[in-house]
Each structure stands twice: as C-alpha cells, then as structure tokens.
Amino acid sequence: MDFKELIKKIILIDSTPKGGSEEIATFAADLCRQSGLSVILQEGELVGKRQFNVIARPKSSNKKDEVIFQTHLDTVESGLNASWSETDQNPFKATFKDGKVFGLGTADVKIDFLCKLRALKEYSSLRFRRPFALIGTFGEEMGMEGSKLLLSSKIIDPKMAIIGEPSELQIVYANNGYGVCTFDIPFLDEELSFIKDHQAVYSATTQEKIFHGKAVHSSTPHLGENAILKMIEYISKLPEGIGLLVAKGGTVANTVPSYAQIEIDPGFILPSEHVGSGMRLVKLVRELQRLEREFLNFENPAFSPPTPTLNIGVLNTTETCLKLTVSFRVTPQITPEQIETWWQRLGGFAEKNGCLFTADRMTNSAMTPLDSELITGAVEISKKLKLPESPITKASGTECSIYRPLGVECMVIGPGVSIGNSHTANEYNILSQLDLASEFYSEAVKRFCL
C-alpha cells in the first residue's frame, strides 16, 4: 500500500476522545508487525473506553537506554462538520489539494507516526548501540494519560525521546506547562424549580441564541475567537436574575471554542437579593480576565506568546450547575509556588461567590539543555538536510513534560504547521515536509542508535 493510501486509512479512523484509540492502535500495530517490528499493545482506560499504547521495537532490541520515537494517535474532537470545507464536510476524509493533505489529525499528529514507521522499518534487523522504540500513545489531548501510563509501568527505558508534534520540522527544545481547572456554579433552588417546571411544560417565552467563534489551539488563544466569551458578553447585558435554562459551548479545554449556545426565559426573574447562576458565571469570567491581564507581568521572550495564557474552553449545563473548564499555559520560569498562588486565588474567589473550584491537573513545562547530546545531534542532522537549524520553543504542552522530569533528553519535531492550524477545521499538512520528516528520523537512528 502506498503512502497516500496509508494516510487516507489512518485519518479515516476516528481517534477522538469519543472514538477512543482501540481501532487506531490495532491499525498501527498491524503496520509495525508487517514492517518486521515486535509489538506490544499496552491497555489503559480513559473516558470510559479501553485505550491502547503501541510499543514497537526491533526484535533484537535489549530495551535499555532506548531512543524513543513517539507520536500520539489521538486527536481533539472535530467540531462542526460543516466547517470542514476542504474535505466535503467530513473531517475524517483525507483530501489532497495543492501540495497539502487536509483532515483531522493530518498535522496534529497521526501522519507523523507513518513518517516515523517509514524511516525506522529500514533498521528493524540491525544491532544497536542504543535500541529504538516506536511508540503511539493515547490520551495526549486529555492530560497525556498514555505517556503517564507508559512511564509508570516501566515498559520502556528511555535515554532520549523524539516527540512528534507539528513544528514545520524545526527542533523544539522547550515547551510550556499545562494546567486545567473546573468551576461548578450551582443553580439556586428557585432556578432548579423553574428549570424542572420548564422541562415539564412548553413555554412560548423561551429564547435561544447561538454564538460562533474561531477555533484554534489553546496555546495561541489570541489567534482565535472565543464563542463562550461572546456569550458571556451577551449574558452581562441581560437583566439581572433572568432565567438561565441552558448555557454550553466548546468540547475540550485545549481548544478555543468555536460554538456556544444559551437558552433563557425572560418570563422568569429572580428576586433582586439573589445572585443567579448566570450572573455568577459572568463574575467568574471577569475574574479570569483580570488574572489573564496579570499574566502580562510574567514575560519570557523565548516563547510566543511570551506570557502565560488561559483559555475558557468548555461550558456545560448539568442537572445541578453550570460547569466551566479552563486551561492554562505557563512558561518555564513560572514556579510551582506561583501556580499554587493562582490556584488559591481562584479557589478563594469561587468560594466567596458560592462556586466550587477544582484544580484538575498541572503538567510541568519542559526544557532540554541546548548543549545536550540530543539537541546538538539534531542540529547537525538539520544542517545536513538543509532544515532550520536554530532550536525553538513551543507554546503548547507536549509529552516531553512527562519524560523530562525523569532526566530523559527530549525534543519535539514534526511536519506541518502548528499555529493557526492544529485544533481547527481544515487542518492540513504539507506533503513535501512528510518526506523530509522521514529523512530526519532515519538520520536520527543512524546518529543516536547505531
């Protein structure tokens, strides 16, 4: 099967959080076995589904001080199919046009796994100074759960890790940390009673409004348009205490939401002494925006954006509350103590306003020294292939954050554009970069393994 057909097949597989990773892991494992590699499927669980890491090695590998070539096989949710104009409104249909291939996961980051396999299979029968392992992980977009399982289980013994993310084939030596928190805003008893009655009896006074934005990766929120924020501005202009039936938007914390929806009933107004869920939601978002402005005092010019950022990513209506999910990106100079200060501030604000704050997770930033064996060797490979030679930083979090605290030398590299492309409709990769990516991985085996 030629490379384009493999691309079509891997993009066709739904590996979103809803789709899970079992099908794509089975597909990737079969390809690895056909290429002469020994394969282990490591089972985990996420969002109530069986999930799998794929670990493929040369059959002669001794599994010590390995060079890891890793790519996550999951993607974010696709969003509205109608937005995928380049793929006939089907995000899973790999579509080749004008030197590009469009589809969900083309850049972030499923095709990169194929690029790695195409390079590494040529070395499957050799003996190594350092063995390599080709790995496909699950759950990267939801807390890097596959990588955490991989390392905690001791199934690999990494010396170096080359992580796949779109970088236009530039070497990335450092990335931001990533945190997620949630706020539960309980409905008042009066609101709960009204919502229950509304669900039982049709009301002609109900009004619904939809808000549209522009989805981008949450590491660069300034490049998108947050539909939830548009909805918040609308709520802030409504009469205080108006009945809020439904408020929702976004799908995952690490994507700027392109869609939000609100349903209200002007026929229901809370007494003036009560602060309803809608007004508490507005107050909470205003506090988050104040914190975001304070982030401007923590500049790191090596990164773009140069300061920490936050993204109001998901809003859901449950039976008892509004649930808001927010993600944060922090540059490497931000200390754990500073992060804890911000968590405490948000928790205190939530408590004062009758909300529940939960710090769900925080993944560290990662930085590998520029004079390390991995980075200096990668620079030499880039020179040989006439690729960009100067290592850069990456605003988003990567799986390097899981490896680096263990002393593993890490870097990110991959074909395709990240900024303004990952986590958006009409995501694409550049065909000419796919061949160069495979060449880079082949040279990396020669330099670090043989």
Worksheet item: Yes or no on salt bridge (Lys or Arg N to Asp or Glu O under 4.0 Å) for D65 and R129, after CA distance, side-chain angles and deciding distance?
Response: CA-CA 9 Å; D65 289 336; R129 173 172 58 95; over 6 Å; no
Practice prompt. Identify which one of D108, T137, T398 satisfies the side-chain hydrogen bond (donor to acceptor under 3.5 Å, both in side chains) criterion when paired with H72.
Written response: D108
Worksheet item: So, are E294 and R345 salt-bridged, with charged N and O less than 4.0 Å apart?
Response: yes
Item to complete: Mind running side chain to side chain contact (heavy atoms under 4.5 Å, CB included) on L223 and K214 for me, showing each step along the way?
Response: CA-CA 8 Å; L223 299 179; K214 177 185 177 184; 5.7 Å; no
Worksheet entry | K386 atom NZ, over 12 foreign heavy atoms within 6.0 Å | no
Item to complete: With rounding to the nearest 0.5 Å, note down the distance linking NZ in K248 to CD in Q261.
Response: 4.5 Å
Discussion item. Between E292 and R329 (salt bridge meaning N to carboxylate O under 4.0 Å), is one present in this structure?
Written reply: no
Item to complete: Could you tell me whether Q289 atom CD has more than 12 heavy atoms of other residues or ligands within 6.0 Å of it?
Response: yes
Worksheet item: Going through the checks in order, is the side chain to side chain contact (heavy atoms under 4.5 Å, CB included) test met by K9 and I13?
Response: CA-CA 7 Å; K9 285 186 175 294; I13 298 171; 5.9 Å; no
Worksheet item: Would you call K230 and E225 a salt bridge, using N to O less than 4.0 angstrom?
Response: yes
Discussion item. Atom CG of residue position D98 - does it have more than 12 heavy atoms of other residues, nucleotides or ligands inside 6.0 Å?
Written reply: no
Worksheet item: Should the pair H217 and H423 be assigned to parallel (<30°), tilted (30 to 60°) or perpendicular (>60°) ring geometry?
Response: tilted
Worksheet item: For the residue pair F357 and F183, does the interplanar ring angle fall in the parallel (under 30°), tilted (30 to 60°) or perpendicular (over 60°) class?
Response: tilted
Worksheet item: Got a salt bridge between K384 and E443, using NZ or NE/NH1/NH2 to carboxylate O under 4.0 Å?
Response: yes
Discussion item. With a 6.0 Å cut-off (strictly less than), is the heavy-atom count around CD of E319, excluding the residue itself, greater than 12?
Written reply: no
Discussion item. Any carboxylate oxygen within less than 4.0 angstrom of a Lys/Arg side-chain nitrogen, looking at D157 and R130?
Written reply: no
Worksheet entry | Electrostatic pair K97-E86, nearest N-O below 4.0 angstrom | yes
Item to complete: Would you confirm whether the ring centroid of F211 sits within less than 6.0 angstrom of the ring centroid of Y234?
Response: yes
